[in-house]
Amino acid sequence: MTDNSGDSADPDESPSHMFDVVVVVGGIAGVSLAYELAGDRRVALVETEFVLGYHATSRSATMFLETYGGLDVRALTKGSRTFLEDPPDYFVGPLMSPRPLLQFAVPGHGDRVRELRSSTEGLELLETDEIRAICPYVRPGAIEIGLHETRTQELDANALLQGFMAGMRRRGAEVFKNAPAMRLEQTSSGWRVHIPRLTLGASLVVNAAGAWADLTALSAGLSPIGLIPRRRTAFTISTDGSPRDVTASDPLLYNIDEPSTSNPKVNNYFALQRIAPHVNPATPNPTTSRSLAHSNAFKRSPLCTRDRCEHPGPVCEHSAPTATW
C-alpha cells in the first residue's frame, strides 16, 4: 500500500497515475470496498484526513444484528457472518464476541418497543424489574420496557478496519492521505480525480464518503441528495460504584427513541455515544466535549453506576463522564 500526500495539482493536467477504480474516502465502507476490488483491479483510495477511519468509523458502537433493518439489510448481515467468524489471516484476533442487546424505551414511550416485538422474531420483552435484574446499573424508573436479544455479537471496529487495510496493502492498493477529492470530472475515457499535487485517472469512481457523500457529488458537478453529517461523540463513565463488575454478558443498551447507545466494557467503564442533531462534525476538543457531555441529550442516560442511588431526576452526579472523544 503506497501512502501519498502533497500540495495541489494543475486541474487541467493529464492523469499522472492511472487506476481501474478510485474509491473516495477511507472509512470502513471505502476501505473494505477497496480491499475487495484490489483483488483483480488497480485501486486507489483517496482520504481527506491524515488517517483512515477518522470520523464515524472510529466512533461507532459496532454490533452484528441479524434482526436489524429491512429484509435486504438482514440478508446482507446474515451473508457476512461466515467471513466475520472466520476471516483471512491478516485480520488479527477474533472480529466478533458475544454481546446481548437491550433496546429500551423511557417512560411513556413503550409502545414503540411493543410494536417492534410484534414484528420481529427472537426478541424477549422485559419489564422494568427484569431489566434491572440483568442491568443493576440502570436507575429505577428510568426505563419503562425493553427488548432483550441474546444472539447478537459485538464487532471489533478497529480490528476490522486494520484487517481490511492490511488486505489492501497485500493486494497492492494505493492510498492517498491528506488528499481531498477537490474536483472530479468525467471524460471520454473515464474519470479524472484531482487531489493535492496529483491527478488520478480511472475508469470508475466510487463515492464511499458516507454522510459526506454530497460533498463528493458536488465536486463532480452532481446534485446533492440531502445528506448531512452529524457530530458523533463518545463518552466514558466509570462503573466503580456499581453493584457488580461489568461482564461480557451485560447487554449493549440502545434507546429506541434516540441515536444513542451505552456499551459496557469489561474493564469497568461504559462507552456512551450520542449523535448530535444539526451539529456539524469537527475535531473533538475538551470544550466541545464538556458541553456535549452535560447537554440534555447526555443527561437522559438511564445509567447510574452507584449502588442504591435514589436521585429522583433523570440524571445524577454519579454518571458524569470521565473522558470524551
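Keep in mind it's a predicted model, so treat the numbers as computed, not measured.
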Query raised in the report: Ring centres of Phe164 and Tyr90 under 6.0 Å apart?
Result: no
Would you check if [X] and [Y] make a side-chain contact, meaning some heavy-atom pair closer than 4.5 Å?
X: Ile28; Y: Thr62; answer: no
X: Trp191; Y: Leu204; answer: no
X: Leu222; Y: Asn207; answer: no
X: Ile195; Y: Leu200; answer: yes
X: Val175; Y: Leu52; answer: yes
X: Leu45; Y: Phe176; answer: no
X: Gln162; Y: Val92; answer: no
X: Leu252; Y: Pro100; answer: no

- prompt: Please walk me through it: do Cys135 and Asp250 pass side-chain contact (heavy atoms from CB on, under 4.5 Å)?
  reply: CA-CA 7 Å; Cys135 301; Asp250 286 314; 5.6 Å; no
Heavy-atom closest pair, residues [X] and [Y]:
X: Ala209; Y: Thr216; answer: CB-OG1, 3.6 Å
X: Lys177; Y: Phe50; answer: CD-O, 3.4 Å
X: Gly146; Y: Ile131; answer: N-CD1, 3.5 Å
X: Pro107; Y: Ala142; answer: CD-O, 3.3 Å
X: Ala181; Y: Val24; answer: CB-CG1, 4.1 Å
X: Asn178; Y: Pro196; answer: O-CG, 3.9 Å

Worksheet item: Are Val206 and Leu227 connected, step by step, through hydrophobic side chains (Ile, Leu, Val, Met, Phe, Trp, Tyr) whose heavy atoms are closer than 4.5 Å?
Response: no
| Can you get from Met168 to Phe83 by hopping between Ile, Leu, Val, Met, Phe, Trp and Tyr side chains that sit under 4.5 Å apart? |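 Met168 and Phe83: one cluster.
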*Around atom CD of Glu115, are there more than 12 heavy atoms of other residues, nucleotides or ligands at under 6.0 Å?*
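Open: at most 12 neighbouring heavy atoms sit under 6.0 Å from CD of Glu115.
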Q.
A quick test of your reading: do over 12 heavy atoms of other residues, nucleotides or ligands sit less than 6.0 Å from CG of Asp40?
A. yes
[X] side chain to [Y] backbone, donor-acceptor under 3.5 Å:
X: Arg117; Y: Leu123; value: yes
X: Asp214; Y: Ile225; value: yes
X: Ser203; Y: Gly190; value: no
X: Glu144; Y: Gly108; value: yes
X: Asp20; Y: Arg41; value: no
X: Thr128; Y: Ile143; value: yes

Exercise. Is it true that the side chains of His148 and Glu130 contain a donor and an acceptor less than 3.5 Å apart?
Worked result: no
Side chain to side chain contact (heavy atoms under 4.5 Å, CB included) with His17: of Thr199, Val22, Val193, Leu198, only one passes, and it is Leu198
* Asked: Stepwise, does the side-chain hydrogen bond (donor to acceptor under 3.5 Å, both in side chains) test hold for Glu49 with His55?
  -> CA-CA 9 Å; Glu49 305 293 349; His55 288 287; 2.9 Å; yes
- prompt: Going through the distances and angles, do Leu147 and Glu124 end up as a side-chain contact (heavy atoms from CB on, under 4.5 Å)?
  reply: CA-CA 5 Å; Leu147 286 176; Glu124 179 187 8; over 6 Å; no
Review point. Cation over ring, Arg171 on Tyr35, under 6.0 Å and within 45°?
Key: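 So Arg171 does make the cation-pi contact.
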Tested for side-chain hydrogen bond (donor to acceptor under 3.5 Å, both in side chains) against Glu66, the lone hit among Arg81, Arg151, Arg74, Lys78 is Arg81
Run the salt bridge (Lys or Arg N to Asp or Glu O under 4.0 Å) check on Arg192 and Glu185 step by step: do they pass? CA-CA 5 Å; Arg192 290 179 182 173; Glu185 56 178 331; 3.7 Å; yes
Kindly indicate, with the supporting measurements, whether the criterion salt bridge (Lys or Arg N to Asp or Glu O under 4.0 Å) is fulfilled by Asp129 and Arg132.
-> CA-CA 5 Å; Asp129 291 343; Arg132 283 186 47 77; over 6 Å; no
